[in-house]
Every structure is written in structure tokens, then in C-alpha cells.
Student: 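One structure is given below, represented as C-alpha cells, and several questions about it will come after.
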Amino acid sequence: MSLANRSLVTIDDLSNGEIEALFSLADEMAKSPDQYAGLCQGKIMASLFFEPSTRTRLSFEAGMLRLGGRVITAVDVGATSLAKGESIADMAKVVGSYADIIVIRHPWEGAARVVANYAGVPVINAGDGSHEHPTQTLCDLYTIRKERKSVKGLRIALWGDLKHGRTVHSLIYALARFGATILFCPGPGLEVPEHVLRRLSTEYKGELKRCRNLDEQPGEKLVPIDAIYLTPNDPHQLAMLPDVSVRVELKAGVDALYVTRLQKERQATTVKEQEMKRGYPRVDEKLLKGREFRRTLVMHPLPRVDELAYDVDADPRSMYFKQAAYGLPVRMALLSLLLGATEVQVPEDKDSFVRRTDYPVYKRDSGVKCPNANCVSNQQTEVRYIRPEFKIVNRQPLTLRCIYCDHELTPRYVASTEWHQGKLENKKYHSADSHFARKIRAENLIVFASAEDARAHHFKPGKYAR
Amino acid sequence: MSLANRSLVTIDDLSNGEIEALFSLADEMAKSPDQYAGLCQGKIMASLFFEPSTRTRLSFEAGMLRLGGRVITAVDVGATSLAKGESIADMAKVVGSYADIIVIRHPWEGAARVVANYAGVPVINAGDGSHEHPTQTLCDLYTIRKERKSVKGLRIALWGDLKHGRTVHSLIYALARFGATILFCPGPGLEVPEHVLRRLSTEYKGELKRCRNLDEQPGEKLVPIDAIYLTPNDPHQLAMLPDVSVRVELKAGVDALYVTRLQKERQATTVKEQEMKRGYPRVDEKLLKGREFRRTLVMHPLPRVDELAYDVDADPRSMYFKQAAYGLPVRMALLSLLLGATEVQVPEDKDSFVRRTDYPVYKRDSGVKCPNANCVSNQQTEVRYIRPEFKIVNRQPLTLRCIYCDHELTPRYVASTEWHQGKLENKKYHSADSHFARKIRAENLIVFASAEDARAHHFKPGKYAR
Amino acid sequence: MSLANRSLVTIDDLSNGEIEALFSLADEMAKSPDQYAGLCQGKIMASLFFEPSTRTRLSFEAGMLRLGGRVITAVDVGATSLAKGESIADMAKVVGSYADIIVIRHPWEGAARVVANYAGVPVINAGDGSHEHPTQTLCDLYTIRKERKSVKGLRIALWGDLKHGRTVHSLIYALARFGATILFCPGPGLEVPEHVLRRLSTEYKGELKRCRNLDEQPGEKLVPIDAIYLTPNDPHQLAMLPDVSVRVELKAGVDALYVTRLQKERQATTVKEQEMKRGYPRVDEKLLKGREFRRTLVMHPLPRVDELAYDVDADPRSMYFKQAAYGLPVRMALLSLLLGATEVQVPEDKDSFVRRTDYPVYKRDSGVKCPNANCVSNQQTEVRYIRPEFKIVNRQPLTLRCIYCDHELTPRYVASTEWHQGKLENKKYHSADSHFARKIRAENLIVFASAEDARAHHFKPGKYAR
């Protein structure tokens, strides 16, 4: 099967079977690198990094060069014509006419999607703001699979900043898809966002349990207060009581401990933040002496700061430098597949833990905008050609998800195209949570963020508009 | 014919025939890229970009790589030893000993000429301040020729900021050389500078007509107020009256509409500038509905901001992304020719619309300097080894043109080496516009910017010194 | 002999014989470049430049490309994850898993040593702060050897800023090793640091003479006041009296004049510094008219500012652009040797002018730190894993040399592990210069920078603690 001309913007752009096939190819490439040294000869990769990066950029570039391909690089927004007010769509079209594949990192969420839409060549998202970083997720999965054969059924604890890290959100969905049991161990104030949890519970198989009152022994704050436990594959083990402690869960042993860095944007500027930093969980040899970590893979996306001690480096359970090193074969496999330089046998997807959901689309010009200021659809240079667009992921409460950055909004008012038939006097709007609103079919739905917006579109308050 | 070891600093460094030959090679390279994949094997291109650029740098680099060559890159003055006070001549010599060809973009006007003088290898100017950007001009010409077979006799309207854009000035001379009819349609306050017009009228064949009082219909400001019309090849059509409107001229139809961006340095900071920005002409689908644009190629050097609407992108007349894409074969052809990797058949130059002018040179050390503060000859690091040098392009009024940046000056005073024969008491200076001054032969001419300069060189005011 | 998997952090990492062998290979590569065009095929060099550089980086990259290898580059600390607080050790490990060899320039002294310790692949120091720049030294030696066959016995004058330049300190040791006679001609206030002189006199063969009261003729300040004269190979010529002027020495003629730039960190900000700048010696054609310079190679590491006039460029004695150009074959030879792509015959080291010294090591955690604030061992991100470590290079006065940056310190207090046998009441410290202190064997030595440090480690003042 050929993956030629496909893009990888989010980890969902690849099926479980495709990921498995990619990993098999990565295995081959790691084993016999010489055999693949000319695979991408004559091909050019453009490496466009509008945010700091060492490992990601250099591993993509090294990967392309090891396949015999060539690389052109732009590393700083200041050194490019984006400084002249150009849109990323224009940039994508032009670079797409020089290169055979584009790797992009950009601070705006959804930027990689836009580049993929306009470039005319395959595009790989190397991190778009706090949105996704799918090749990091591939490296994480590949590391686990390499060391434990399969992800399915493993118990994996996620540790630290589960709120901001894009690597973690991508990883959570990916682990869920492959049937891992996930234990969330966030630092104080750094819990997994609700929208991630909701998405986990609606779009992936398995059950989600929240454990509030932890059975903590004083002075032994092994794990932070709030824990959430996702067990997609062992429903019979889910008879958890609200008071079952995470400690007890951890005691059963974990297969992998995924540690994350406190994100820069959260670095201590206020007193409260400094406290948060002090309370940030730290993984060191002392912690890893616990029975529950006896066979645990210690993982980290790097760069680390203080959350992962240097004394772990010599421990055979430490996986983080292997993770980084696996970036090479994984990215080589990905590049050669998207460039169509090789094909793979894709296994059947019989074990996928994804619930397929075909959400209706909303793209009327009714003034509703993505609430994320950092979304590509809200940028001055991009509004010239991008219209906001959403998936209707829930009707009660009515919830729209931005197709670019996956942020969600719950608009206040709705109307229906059926009601007014173009007659001005029939143009009425109602509260989104009224029983009336629920009856509107998705294809007729008109959504307003506010009463002002509704009035601006010549709608008047209806009976059920509070 | 071999173009090996030649440099391209201004578009005039190539004859019409050489440009045609280069285009034929570009055609071949676009048609059968695989055939040229190893043409520059073993060659190294140094890509030195001291100003922001995406498309130009990446297209040069992609071009070199597609020819099998290799690339070394320096993209920021801050990251190089120029920060240590090194001259660009020293930098050029050193880089010239590592690379086989140098591509340079630099903010100083004339910098590429200096690099070409010192590097010892071929140098390509990828933009030197507001001076020239000859490969952009090649892409523009190539696009027109590709779509309309020949430039000769075409009616081409230039639109927008005709004052600051280096791409536009290079293009104007090039279009004149190939015998196009050019219609200037500047934004308010953004007219073609007088020195460009004078040069057009003296160094190129054809006639220049100015149309002042335009026959404008109220509310239909299709074209800005001032228009200048160059028709090098159809002198019989030149019986234009001053009141013939540009509109009428436009009505005859144009073959290409070349749109330019309002240059950054003009971006609205004062009230007057904000007005200028508002008055900037905008090209969109509505404008292009006009009969006169029925078969018009819509061109733009990119990046665009607001002067060219996104709704034109899908229009088959839009050429700007093609223009950018043609950068690849055009630059590939150029690189391989200057590297001597291939030769071409150069057609005879029978149709050139250039008037050959061999201006005398002025390089005496009489204190006269280029008036352009941004000229390479005025930079602190460069005055250590560069002497100002000029072409005497006019005697009445006496006009010197800087050989580095092409800026012109009209010095106030002159003297002659013949008069004084080394005797101090005979050292007299006279006004440059006196009848006396005109009699001095070019080889004897001494020029002073001011009376102070003259006195500093021990000259006293003569009879005709006002 | 294979040099595979070795690193070049300081010039001392290569023996005289290895340097000779490397130069022979460089000769071959310069003579028949085509023969080596595929030598490093399939190999990747990572070029990590955390400080400005043109010539060094581009020559390494060009060298690698000319050997058929490939390059990945990171040029600015701002564009990498060091900005996220990552240690250079972590960065080294990760990049070492992508590349086959690493070239690093870093502002911290000792940084290259750390990278070499952690990368797992060969590392080349391309300049670490004011510490070393060994490939520049190789180019300097290669130039001299190329023009004069051998360095041994040559008279070489070092000129200008002998205090700050890292290129000069590396070069001094290297010239001493190869048996050159060195004449130091510093600018005022820019003398060779004492620690360099001491090291010269203890670790290299030859004698060091200081000439204070120079026999200067008024108005002819050919050479600055203080001069130091190292003659390793001609002890019979060393009967110099203190009043023998440097002028007289110079008059005997010099084989090479090595000019250096006034380091940026010394550029005139105060009145005193501006005077220093004015007094900085300048080399120009006038100076070189002297008999003593008749056959002198004029060398400079570049970039130059004003210390070396442009009028020397055309002089056949000028070597500086050759020096830069030789960077290519020298670095090609080095890269291919460290990558194990080729082997060389290493001649016997019979002429080395090095005195072998095996200094004992001090690495107890007694609070003593390198005094150099810019040393890698004092950086916030690095203290997480680096312990200070020193060589004990002298006992009277007790002198420790940092193994990372070679800076020295003379600690105030000492103790011995023998004395206290773990008993708290016996833990006493004494002055480092007491006769008592000298009796402590190196392996028992405990060193304290201050009385506070000693007390913090539970030691009390002993009899001989002043």
C-alpha cells in the first residue's frame, strides 16, 4: 500500500494499521540502513521551523539525508518573508513548488493544517503551537512497542504537566487508540483539560474513572492529588470506587512512566506559580526504587529541566535518549512513505479502540469564531482567505470544535435556515440550550456567539432567547 | 558558448541573446529534470543572505540541489563575523575559497558588485538593498515569454509602488530592452523616480510620453493619477496628446499586469502615509472583469499583502505562483551556466532595444561621494578599501552615476587638470553649469561636491564660481 | 594508524606526529580533490554554532560536503532547545544519535569537552569561549609548514592582542611544541597572561626570557614596551641581557609575523580603552619595508579590523587569505580521520618539545569551584551533572587548573584525609602556603577556597591557618 502524497498533521491522519506498518519499516531501516541510503535520492525536503527546536529539526534533516535526499531549511520567522506580512498559505504554495515534502513547526495552532491544504506536496506537522506533534507521538509509541512488543494492555502512567504539553495530548489519544491503560498523574494545577477527557470518553472505547479522595499517607506525596484512570481494554477491572487511591493503582505496577517538562509558558512569574513549580513531581532513582516501577520504562520527550534527575540516566529503565534516537528510523520511514519512495503492507485494523464519529460540519458565516486567540484562523495575515469552520461534536450542550486547532466553543444562540425562508420577519434566534434549539437539523443550524452577532445578521430574539 | 566564471550583479550583465539562451536551457531543465540531476555534482554554492528571504533563498538552494550540487548557508548578519567589523570584501575572498559560486542578498546597495569583485568565483546578486534583484527579473521575463512566446511588442502595465521596488526598476529596464510597451500605473506618491525615466529615455530605444490630465470619470478611479507610457517599438503610435487618458490606453488591452507590494519602508506611520496606503490600488476579480484585462497575465513578485486579492488565485490569468515556481528552472539554468557545467547556443542580438553608451569614468579622490547613505561605498567597514567611482552620464547638467548603486549626483563645482599644471596659483574651480565647465574634457575633469571640498583640495574660486 | 572515534577539543589532543600525518593528508586532498570526493559518503556532520562565525562554520561544512558527506546545522542558541533550559550534555547525546561527528562552537569555556564526553561520536571544538580553537591553530601551523617546510627553528613574532585571543594561546603552545622561537610583541596592556607563560616554562622545553627596558629610539615605537622571548631550541643563543631590546631581536629577522585583532570585549568604551585602541600596533606596507621583515610571512586569523592594512593584501608575503583557504584541506583531512574514513602513517615523535607532565587530579566535593564565571562547570544548566575537577599543577604555591577551561586558582586552605580518620575533633584546616600543607600527599589533599567553605565542611582552623 502506498501512502504517497498523504500528509501527517495529526496522529489521526494515520490508522493503527498504517502506524504498525510504518514501525515495521522503521525496524528494517534501523537494521539495514545501507539498504535505504539511496531511497529518496533526488527528493528535496523543506524544513520550515518557525519555533525553536534542535532534536526535531535535526532528526528530520538527518533522516532525509540518510535516505539520500536533500534538505532546504528556514529556521526563523524573522529571516523569512512572513515578516513582510505574507500568509502561510502563500508561503506553502511557493515552497511546495520547490520541495517534494514540507516539514513545518509553527507557533500557531492549526498552521500545519493550512500548509497541508495549500502546499500541493505532503506536509508533516513538527509541532503547531500547543496543538499536536504527531511524530513525537510516533517515537513514543515506537519506543514502547520496541521494548514491550505491543502497546495493547500496557499500564502507562503520564506524569507532570498534562495540561499544556502538546506531546502529551497527542500521546493520550494514541495510547487510547492502541488500547493501553492510562493513569494520569498530573502536577498540582496541571490536570488534563476537560475537553481532552470528554474526547477520550466519546471517541475512544473504554471507560474513564476519576479517583478523588486519595488514600495518602502523610509525608509521602508520591502522586499528586487528582488522578484519572482510563482503562479501555479491561472493563472487568473497572469496578473502581471513588476512594480507591491512585497509589493502590500504581502499586499494581506500571509498564511505562511518561514524564513531561513544566511548559515554559507556566514558568514561575507569580508567587502562586513558584509554588506550583516547587510542587512539580520529580522522578529520580529514589522514586524508581518502588516495587511498582520495577519493570517500568522511564520516558520523556526531552528537553528535560529538573523533573527528571540525571541519576536516572545510567539506569537501564531510562528510555528517553533511546526515544530521541528512535526519531531517526521513525522519521526516515515516514518520509519515505509520504514521498512514495516505498510501499508497505498495512495490517488489518481489527484492534482499533477508536469509535468512528462522523460529525456534521458548520461553516456558515454567522460571526462565530474559534475562541483560541492563537488559532491560525484568527491571525491577521490568514483571515484574508480562511473562513472559520467547525465540527458539531455535541448538541447538548451545543459544542463546536475548530477544525484547525481542535479548541471547542459552546455558542449561546441558534437559529434555523428552515424557519425564516428568507423572510426577514421570521428571522428569530433562540438560546442554544432551549428545547427548541435541539430540534434544528445540523444542516439548517445557524449559530451565534452572542446576541450582538445575531442582531448584526438581522435576527431578532425569539421566544426562547434568554 | 560558455558563461563560466561570469557574475550576475545587474540584469545588464547578460545580453538579450544570453537571456534567451538561458531561458531555452530552463525550458529543457523543466521538461527533463532527471537529465540534469548530476550536472553540478561536486560543486558547492554558498548562500549568503543578510536580509530576510524565503522564496529566493530556498529556490536557489533547491535549484542547486536538484542539479546534484551542494549548499552552504549563512542567513543572518548577526550570526556571522560581519558583526566583528569585517569588510564584505574580506568575507567574499574567504567564502570564495570554500565555494564554487556565491549567491548573496545584502541590505547595502552595491554590495553584490563588491562581492563579485573580490570573491574570485561567480557571484549572483539575490537583491542588494533597493538596487537590483536580477534573478527576479529573469523569472518575470521567463513567465511572460513562457505564456506569450515573446516579450517584444507586448503591452505591459506596471501597477502600484513603482518608486521603491527594486524588482520593478530592474524589470522596467529589462522590458525596455526586449521591446515591450510599458504603461506605468503608480499608486499616489509612488511614481517611477525621475532618474529611472531619464535612463529609460537615454539608454533605451523608444519614446517616453507623459499623460498628465487624465480623462477620469468620477467614482471610477481605475488607475491612479499620473501615468507614463513607454513605447519603444511602435513609434507610429506615439502621437499621444497630453490629455489622452491612461484609461483610453488601458482600454486597448494589456498583455500583462504587474502588481507590486507597497514597500515596508513606506508602511503607514504618519497620517499622510496612511492615506497613501488607503489609496493604494488593489487588484481583484472585480477589476479584472474589465474588457481590457480579458487576456491579461496577472503577475506579482510576491510576497503580497493586500494589493492583490485572494479571489484572483483561482483565475487562470493569475501567474504569480507560476512566476515563483519558474524560479526553480530559471535559477538552475543560471547556476549551471555560471558554473560552466554546461554551454549554450547564444542567438544573435539583432532585436536589442538598448542604445549602447560608453560613459567616461570618474574616480579622482576629490572628496566627492555617492549621495546614497545606504551605498556600499559609504559604509564604515568598506571605506578602508573602496574609492568612490562614477560614470559621467551627462554633462548638462553634469551628472555622475555611482558605479556601485547607480544613484546619481549633480556636483556644484568643477576644475580641470589641464589648467593648473601643478601650479598652486592656477588651481581654480568653477560652477558646474558655467559654459567654461563644459569645455573640460572628461579625462581632465575634477569634480567637487561643495566649495569647502574644493578649498580642502587647495583650489580657489575662479571667475565662474557662483 | 586510525584516529577514528577520537575528538579534538584542544590542540594537545593530537601528538606532533599525528599533526604531521594530518598535514600530509591535507596536502594530498588539496592536490587531488576528486580522489576524495566520496570518502565520507553516507556520513553526517552536525554543525552546532552557538556563537557568530562565517569562515569556520562554512569551511567545516564545505569540507564535509567536498568529501561526499552531508551536514545538519544549528546556528543560534535562540533557535534551539537550549533556550528551554536543556543542558549541553543532553543536547550532545541526542545530536550524537543523529550525526556521525559533531563540530561545536560555544561561548562557554570547556563546553566542547563536555560535548565530547557525552556525544558518543567524535567531537571537534570550533572555539569554546576564550579557551581554545584548535583547528585555527592547525591552519596556522599548516600555513607555516606549507611555506617554510618546517616550524622547527623558525623565528615567529606574535603581534597585537596576546591577552584575549584564544587563537593565540592555542598557537603559542603549538609553536612551542614544534620548536619555534617565539617573540611576543603585545599591544599596551595586552600582554600574554602569566598563566600562559608559566605553562610555557613548565610544560615545554626551552627557556623564557623577559626583556624589560627596551632600547627605544624616540618616535620609532616599532614594538610595544613589554616583550617576552621564548627560544626553545637554541639554548646557546639565550645569553640575553635584560637591556637587549626587542628591536635588536627583531632585527635578526622573523620568519612569520602573526597579527591579531583587538578582541571585541576590549573595544573602546572608556577613555583608557580608547587610548589602548589608538596605541594598538598596525601592520602595513610601511612597516613591512623593514629589513627584518624581508622574508616574513604575514599571518592573521581573520577577521581583521584596522590592525592589518588593506595595502598588504597584494603583497606576496601576505598569507592570511591562504590561511583561510587552507582551512578547507586541513578540516577535510581532520574530518575524514576522526570519522575513520581513512588512515595515516604517523611519524615517530622524536622532535617533540613537550615535557610530559602527569598532574594528579583533584575532584573532592569540598566547595572549591573554577574561578572562571564563563566556565561550563559554573553554568546553571550544567551543575546538575558536572562536578568541578582540577589538575594539581603546582604545590608551591598550591595551584589547581580546571580540567574544563584551564583557568587556575590558588586555594587558601588545605586539610588532609589522613589526619582526621573520620574523627570530627581532628578535622583541622591550615593555610595552603604553610610548611605543613606541603607534606600532604596529593591523594589525601582536601582543598578549601575560603575559611567559610572549610567550616561548612566541619573543619576547624588548625595551628597553621592564618
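So you know, we letter chains A, B, ... as the sequences are listed, proteins then strands, and number each from 1.
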Student: Scan for side-chain hydrogen bond (donor to acceptor under 3.5 Å, both in side chains) pairs involving residues 38-49 of chain A, sequence neighbours excluded, and state none if there are none.
Tutor: A:S47-A:E61
Student: Taking C-beta and beyond as the side chain, do C:Y98 and A:R66 meet within less than 4.5 Å on heavy atoms?
Tutor: no
Student: As an exercise, state the distance from CG of A:L58 to CG of C:L48, rounded to the nearest 0.5 Å.
Tutor: 7.0 Å
Student: Can you check whether A:R55 reaches C:E86 side chain to side chain, under 4.5 Å on heavy atoms?
Tutor: yes
Student: How many angstroms lie between atom CZ of A:F60 and atom CD1 of C:I72, to the nearest 0.5 angstrom?
Tutor: 13.0 Å
Student: Are there more than 12 heavy atoms of other residues, nucleotides or ligands under 6.0 Å from atom NZ of C:K369?
Tutor: no
Student: Salt-bridged, A:D311 to C:R384, with N to O below 4.0 Å?
Tutor: no
Student: Between A:G68, A:G63, A:A37, who has the most heavy-atom pairs with chain C when the cutoff is under 4.5 Å?
Tutor: A:G68
Student: Please check this pair: side chain of A:R304 against backbone of C:D90, looking for a donor-acceptor N/O pair closer than 3.5 Å.
Tutor: no
Student: For C:V94 versus A:L302, what's the shortest heavy-atom pair and its separation?
Tutor: CG2-CD1, 3.9 Å
Student: Can you say whether A:D313 sits under 4.5 Å from chain C via the side chain, the backbone, both, or neither, judging by heavy atoms?
Tutor: side chain
Student: Could you please state which residues from residues 320-332 of chain A sit under 4.5 angstrom from chain C, measuring non-hydrogen atom to non-hydrogen atom, sorted by number, or 'none'?
Tutor: A:F321, A:A324, A:A325, A:L328
